[in-house]
Engineer: 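This is the structure I have questions about; it appears just below.
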Amino acid sequence: MSEPRDPLRDVFAMREPPTGGLRRLRERLEAERRRRRARWLAASTALGLAAAAAIALIVGDADRATDRGARLCAGWVAQPDPALVSLGLAAAPPPGVSVAADARDRIAVQRVTDSDDDVVYYRLASLERE
Amino acid sequence: MGASSPSAEGRFDAQALEDLYVRLERSLHNVVYRWLWDDAEAADVVQEAFVKLWDKRASVRAETVEPFVYRIALNLASNRRRARKVRRHVQLESAEPTTEVTAATMLETREREAKVRAAVEALPDELRQIVVLTEMSELSYAQVAEVVGIPEGTVGSRRHRALAALRDRLAEVHGE
């Protein structure tokens, strides 16, 4: 007489998983690695581009500021030193204001003396009678 | 903990992951299968669990890696089950009646499987988790308790209740 069949035997009968599980896992991990690398590359490229754009903006602005400074500096350097002019060692600067030849009988120009040698004032007046 | 645990230095490297996979694949597959009742899907969930484990390798500890991977797998299986219920609900509503004829032997096997499945499915989740983990994995009661998040003492009592419920249910079915 055979033993009565345990009804739970069917419930807990072990099943075999499909073959090749480890190979599929390796492929899956590799695919995941590739996906991550691509995402990382995309993110770092975007970050790099953003950083490059920010640097270009900052450098461009600095360049413009330097240009302005250079121009101002050049203008300043072109002005001869008043001390050298007074000693006759440098040519006097050209007049800051010049009046056209045909207007000289109508407009008077007078340089105003000032203690600041770096700033030159001119006074303009009309000679025409009202 | 077996030889396939994280390395002696405590690092969980690719070799340790593969060793663990080889050791746990079968039991994990059987546990997950009792949630999804589909071999291909169960195999997929087991793999996904190991991919997730690899993602979290920095926080993996040698003494808890096994309960950890079981918990990941059970969570994934539960999520898929929920998603499938929704899909099935939609499919059933729109399904056309079929006239497929099945061979008698195949029908018999399927009927037996269906009865087993119905008996397991009839268990509440908290009992099913315990009975499947204790019967199909090599986890200790303490580790099962860690997977499920209950006191160790509760594992034994739930297992006892689950087995009794299964026997009753199957006896009813066989007695029909």
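Order of the sequence lines sets the chain letters (A, B, ...), proteins ahead of strands, with each chain counted from 1.
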Engineer: Evaluate the side-chain proximity of A/L29 to B/L17: yes if any heavy-atom separation is below 4.5 Å, no if none is.
Structural biologist: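 SC-SC contact between B/L17 and A/L29 confirmed.
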Engineer: For B/R26 and A/R15, what are the C-alpha separation, side-chain angles and deciding distance, and is it a side-chain contact (heavy atoms from CB on, under 4.5 Å)?
Structural biologist: CA-CA 8 Å; B/R26 189 164 179 257; A/R15 302 176 72 88; over 6 Å; no
Engineer: So A/V11 and B/R167, do their side chains get closer than 4.5 Å, heavy atoms only?
Structural biologist: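 B/R167 does not reach A/V11 side chain to side chain.
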Engineer: By a 4.5 Å heavy-atom criterion (distance strictly below it), what part of B/N30 contacts chain A: side chain, backbone, both, or neither?
Structural biologist: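 For B/N30, side-chain heavy atoms alone lie under 4.5 Å from chain A.
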Engineer: In terms of heavy-atom proximity below 4.5 Å to chain A, should B/V22 be classed as side chain, backbone, both, or neither?
Structural biologist: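 Just its side chain gets close to chain A.
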Engineer: Taking all atoms of both residues into account, what is the closest heavy-atom pair of A/A13 and B/R34, and its distance?
Structural biologist: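 Scanning both residues, the minimum pair turns out to be O-NH2, 2.7 Å.
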Engineer: With side-chain contact (heavy atoms from CB on, under 4.5 Å) as the criterion, how do B/V51 and A/L25 come out once you've worked through the C-alpha distance, each side chain's angles and the decisive distance to 0.1 Å?
Structural biologist: CA-CA 8 Å; B/V51 171; A/L25 178 66; 4.3 Å; yes
Engineer: Could you tell me whether the side chain of B/L163 reaches within less than 4.5 Å of the side chain of A/F12, counting heavy atoms only?
Structural biologist: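 Yes. Closest side-chain heavy atoms under 4.5 Å.
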Engineer: Using a 4.5 Å heavy-atom cutoff, which residues in residues 127-137 of chain B come close to chain A?
Structural biologist: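 Counting heavy atoms that sit under 4.5 Å from chain A, the residues of residues 127-137 of chain B involved are B/V131, B/E135, B/M136.
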Engineer: The test is side-chain contact (heavy atoms from CB on, under 4.5 Å); show your working for A/M14 and B/Y33 and say whether it passes.
Structural biologist: CA-CA 10 Å; A/M14 287 298 270; B/Y33 179 82; over 6 Å; no
Engineer: Would A/R9 and B/V116 satisfy side-chain contact (heavy atoms from CB on, under 4.5 Å), going step by step from the backbone distance to the final call?
Structural biologist: CA-CA 10 Å; A/R9 212 178 63 174; B/V116 165; over 6 Å; no
Engineer: Identify the two heavy atoms, one from B/H29 and one from A/P18, that lie closest to each other, and give their separation to 0.1 Å.
Structural biologist: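 Looking at all heavy atoms of both residues, the closest pair is CE1-CD, 3.7 Å.
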Engineer: Would you say B/E121 has more than 12 foreign heavy atoms packed within less than 6.0 Å of its CD?
Structural biologist: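 Yes, CD of B/E121 has more than 12 neighbouring heavy atoms, counting only those of other groups under 6.0 Å.
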Engineer: Under 4.0 Å between a side-chain nitrogen and a carboxylate oxygen: does that hold for B/D55 and A/R36?
Structural biologist: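 A salt bridge links B/D55 with A/R36.
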Engineer: Step through the shown structure and confirm whether more than 12 heavy atoms of other residues, nucleotides or ligands are within 6.0 Å of CZ on A/R123.
Structural biologist: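 At most 12 heavy atoms, drawn from other residues, nucleotides or ligands, come within 6.0 Å of this atom.
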Engineer: Could you tell me whether the side chain of B/E18 and the main chain of A/L22 form a donor-acceptor pair under 3.5 Å?
Structural biologist: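 Flag not set: sc B/E18 to bb A/L22 has no pair under 3.5 Å.
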